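One structure is given below, encoded as structure tokens.
It should be emphasised that the depicted structure is a prediction, and the values quoted were computed from it without experimental measurement.
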Amino acid sequence: MTDSNAFYNLILPILNMVNGFTGTLLLIVSSLGAIQCIFLGVRFAKADGPEEITQARKNIRDFILGFLLIFILIAAMRAGMPGLCKWMAENTKVTIY
């Protein structure tokens, strides 16, 4: 067995796992994000004083920024995977796809 075959055997299960779970991961993140958004909206609607309203707005803003960042990073990972596999194939003489 050559070194490139050993590398291929090592990386293939990891690559299959990442490709298999990114769709599920996006679904889970979206579902949890929707639940958290509803929870924060209810907290904002129930806020009484100006301090609570300000804190609720800050929490909603921070949540939306974090949620978008996570979603974009997962989508970028999924979109960038073919390019990384191509780069790896060109530099290691191992073909993944």
Rounded to the nearest 0.5 Å, what separation is found between the [atom1] atom of [X] and the [atom2] atom of [Y]?
X: F63; Y: C37; atom1: CZ; atom2: SG; result: 5.5 Å
X: K58; Y: I60; atom1: NZ; atom2: CD1; result: 12.0 Å
X: L40; Y: I35; atom1: CG; atom2: CD1; result: 12.0 Å
X: L65; Y: I70; atom1: CG; atom2: CD1; result: 11.5 Å
X: T54; Y: N59; atom1: OG1; atom2: CG; result: 11.0 Å

* Considering all heavy atoms of both residues, which atom of F67 and which atom of G33 are nearest to each other, and what is their separation? ->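 Residues F67 and G33, closest heavy atoms: CE1-CA, 3.7 Å.
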* **Contact summary for D48 and I53, nearest pair of heavy atoms** =>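 That would be O-CD1, 4.4 Å.
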* Could you tell me whether R61 atom CZ has more than 12 heavy atoms of other residues or ligands within 6.0 Å of it? =>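 It does: R61 CZ has more than 12 such atoms within range.
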Cluster check [X], [Y]: I/L/V/M/F/W/Y, side chain < 4.5 angstrom:
X: V42; Y: F39; result: no
X: L32; Y: V29; result: no
X: M77; Y: F21; result: no

* **By side chain to side chain donor-acceptor pair (under 3.5 Å) - contacts of E52 (at least two apart)** =>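 For E52, no residue satisfies side chain to side chain donor-acceptor pair (under 3.5 Å) once neighbours in sequence are set aside.
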